[in-house]
Structures are given as structure tokens and as C-alpha cells.
Number of protein chains: 2
Amino acid sequence: MAKPGTKGRPPGAKGGGRATRAQFVEATIETLKREGFAGASARAIARTGGLNQSLIFYHFGSINDLFLAALDETSARRMESYRAAVDGARSLAELVDSAARIYREDLESGHIKVLAELIGAASAVAGMGRQISERIAPWTHLAREAIQRVVGASPAAALLPPEELAHAVVALYLGMELLTNLDGDRSTAEALFNRAALLAPMLSALFPGPTQAGG
Amino acid sequence: MAKPGTKGRPPGAKGGGRATRAQFVEATIETLKREGFAGASARAIARTGGLNQSLIFYHFGSINDLFLAALDETSARRMESYRAAVDGARSLAELVDSAARIYREDLESGHIKVLAELIGAASAVAGMGRQISERIAPWTHLAREAIQRVVGASPAAALLPPEELAHAVVALYLGMELLTNLDGDRSTAEALFNRAALLAPMLSALFPGPTQAGG
DNA sequence: GTCTATACTTGGATAGAC
DNA sequence: GTCTATCCAAGTATAGAC
């Protein structure tokens, strides 16, 4: 359809720069997952995608900008899943179930690996920490919305405000993923989700919210 | 410019090598805190400590071994504080209070910064993930002991075994420190600790343990 | 837009004098 | 054990042809 706006395409170029950009982003995600931040050099990324190393600087300016573009892409993809999973949850039990599903998907997709690498790399680059932090903020927002919807009207919300609980949930989630990523053992995390699934109905019974009351 | 210090020490002097080793470990911790993993090169570390870059390879073999030595050192130091703080806690409320104090100390001391950097770097080096994981295990162990002592005999322990709770606590703790480290904002974490301090007495009242009963 | 070639920098690691 | 000097590999980034 519409061409990339002001960017005219010379007759000789096939596919244009847009495809190349996307390929680089994909190759970056792939390389971060496989080789980690320290191994994700411009050369390594280009090799992964079968692309030319010098084009990174033409399209992105620097590899740090490429990293951020990669984080944007994988975050956007995951956020779709998050929203779909979380919006469907009507009770605390369903929400816990969604979280467990999201956790597994995050590990499979390697999104958390990309994020973990960049978190570790954050202090290496000036301003990177803030930029990563900004990309985590939507998670907290989403978590708060979901929590508010499910337990917001119960007395529990007064004791533990959704805002604070959301922060804790995101921190717990991030910590679990990182630890799982370190030792490669998913069983402890799975056990925790099973435990949460067991406790959720009890908590819902103790603090009935509007969704339970309304049927 | 030649630097002063241990230079004038006679050959074969006892303790000369040990002191240098310790200085390198200290300089590594310092550099990791200040410049991050990517910035902690052999040259940068040596510069921090006013030492000779080539000695790293004489004393440690490689800089990865130096990183692990640094992690060992800072972990050992922090574990002393952990044990002291946690062993003194007699109730859930005191335990939460200890955790908050430990959290602040971890941030101040920069231990968590070192750990975060190495976690991020883990996948860059083969086998590093496992070695870091091994150094986190004592935390989980300590947390489990403390939890068991404080709430082990209450009915809550049946619903949420100390073993699993300990894993969750460590993951939550790690996630909180990493997030705080990213955006530099401690207020959300502080709010969580305050909230926990508020809830702890309630939980203790709901599930009285042996220490409360014995009062 | 994409390529080849390369300038320039930094990093890990080693050799050999003292 | 510590130093100076250096090798070599890898990194980011740019120049210029097509």
C-alpha cells in the first residue's frame, strides 16, 4: 500500500529499507536470546540475519538504538498476549491462571531473555535504565487494571491497594523469570503458580468482590 | 607515572600477593557498581584500584574468574548482615522489618548492583548462570529457615509451605532491587515495605505461631 | 539502500625484563 | 610478584563505490 511517506524508493531497490529494518530487529532479538548482550555485537547480529553489518548504522544510528527497537518490538508483541489473557480473567483464580500461562509464554518466546539481557546491560549505557523502565511501566499499568477489576471492590483493596500490589506482582514476576533463566529450572516457578492457583479461590471466598457477588 | 604503594616490597615478601588480590576484588566491586558489567574491563578495574592490568591474569587467570571472586566476596559480606538481621527476628512483623533494613543496605552497599550486572552478563559466559545461581541459593536457604521459625508451626504453613514462600520472597526481593536499580526510584519499594509492615501483625493474629503463643 | 573495505578504539591475554 | 610493552581479536562506526 502506501509507501514509507517521504522516503522515496530508488528504482533499483527491492523490498526497500523497511524490510531490512525489520530483519535487523528480528536478528537482534534472536541474537540476544542465543548469545546474550555481551555476545550481541553488530557483527554477530548481522551474521544472524544474513545481513550487512554496516547497515545497522545506516538504519538505526547505533546498536543501542537497535537494542531499544528490538525491545520495543518484543514488548509490543507480548503486550498483545498480556492484554488478551488478562482481559479475559473474571476472578482471582482466572487471573492467576492467566499469569501462569503468560509466564510460560514469556519463557518460550524468549522475551524475558531479551529483557533480562538489557536490564543487565542498562548501567553500561547512559540513560538505558530509564528507557527500559519506561517499557516496563505498561506491565504495571496492565496489572493494576486487572487487579482492580477483580478485587478492586473488596475490602482487601483497602488493606493492599491495587497500585502497590501491581508493583509487587511485576517485581515478583521479573525476579522469577530471571531466576528461572539463571538455573534453567522451571519447576520451582511452576510449583509457585500451582500454589497460587490453590490459594486463589480461598482468598476470593474470604474477600468476595463484585464479580463474585454479581455472578 | 609509576605509582607508589607496595612497589618497594622485597621479592618474596609474605602477604604481598594476597593484598593485591584483595585490592583487585575491591576494585572490581567498585567498578561494577560505577560502570556496570560492560564497563568493567580489565583495564578499567586496574585503573580503579591503581593496579596493573596484567596482574589480573597472573592472580585470577581471567577476568571472569575475577568477577566470580568479587561476587563471592560481596555475597559473604552481605550474608553476615542477613544472618544477623534475620536471626534476631521473632515475629513476622520483625522479619518484615529486617527485610526492609536489608533491602536498603543492599542498595547502599551496591551488592545488588554487582549481582544485577552479573545476572545480566550470565548468558554471555558459558556456565556463569549456574555459578551465580549457586551463590543465590544460600539466600533462599536463609529465608526458608527464618520463615519456618516464625510461621512454621502455624496453619498458614500448610497452605503455603516455607520452602515455596522462601523462593517467592527471594524472587520478589531480586525483582524489586532490579527495578529500583533501573529507574532509581526507591519510593515504590519503600511503600511496599511499609504496607508489609502494616499487614504483618494482622497476618500474625490470623495465624498465631508458637512464638506468639509463648509470648 | 546496499555493498566492500577500512579507520580507529578497546579489550583480553601473554612475554619477558626486573 | 610486579612491571612495561605488545600481540591479536573484536568492537563501533564511517567512507565511498555501485
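No experiment lies behind these values; they were computed from the predicted model shown.
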[X] has an atom [atom1]; how far is it from atom [atom2] of [N], in whole Å?
X	N	atom1	atom2	answer
A:R18	C:dT2	CZ	P	13 Å
A:L55	D:dT14	CG	P	14 Å
B:Y58	C:dA17	OH	C1'	15 Å
B:R47	C:dG11	CZ	C1'	11 Å
A:N52	D:dA15	CG	P	16 Å
B:H59	D:dT2	NE2	C1'	8 Å
B:N64	C:dA13	CG	P	7 Å
A:F57	C:dT2	CZ	P	15 Å

Subject >> Minimum-distance nucleotide (side-chain atoms of B:S54 versus C:dG12, D:dC3, C:dT2) >> reply: D:dC3
Subject >> Nearest to side-chain heavy atoms of B:Q53, which nucleotide of C:dT2, D:dA13, D:dA5 >> reply: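 Nucleotide nearest to B:Q53's side chain: D:dA5.
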**OP:** Taking the side chain as every heavy atom from C-beta outward, state whether B:E105 and B:R78 have any pair of such atoms under 4.5 Å apart.
**Re:** yes
Subject >> Straight-line distance of B:R149 CZ to B:D87 CG, nearest 0.5 Å >> reply: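 The CZ atom of B:R149 sits 5.5 Å away from the CG atom of B:D87.
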Original post:
Between atom CD of A:E177 and atom CG of A:L182, what is the distance when rounded to the nearest 0.5 Å?
Top reply: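 Separation between the atoms: 12.0 Å.
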Subject >> Option passing side-chain contact (heavy atoms from CB on, under 4.5 Å) with A:I29 (candidates A:K113, A:H111, A:E73) >> reply: A:E73
Original post:
Taking B:L118 as the fixed residue, which of B:N64, B:T74, B:I132, B:L68 is the one that meets the side-chain contact (heavy atoms from CB on, under 4.5 Å) rule?
Top reply: B:I132
Original post:
Has the side chain of A:R43 got a donor or acceptor that lies under 3.5 Å from a partner of the other kind on the base of D:dT12?
Top reply: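 A donor-acceptor contact between them is present.
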Original post:
Under 4.0 angstrom, heavy atoms only, what part of the nucleic acid is B:I63 near: base, sugar-phosphate, or nothing?
Top reply: sugar-phosphate
Original post:
Which is true for B:S62 with a 4.0 Å heavy-atom rule: it touches a base, it touches only sugar-phosphate, or it touches nothing?
Top reply: sugar-phosphate
Original post:
A:S41 side chain N/O closer than 4.0 Å to the phosphate oxygens (OP1, OP2) of D:dG11?
Top reply: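 So the side-chain polar atoms of A:S41 do come within 4.0 Å of the phosphate oxygens OP1 or OP2 of D:dG11, strictly under.
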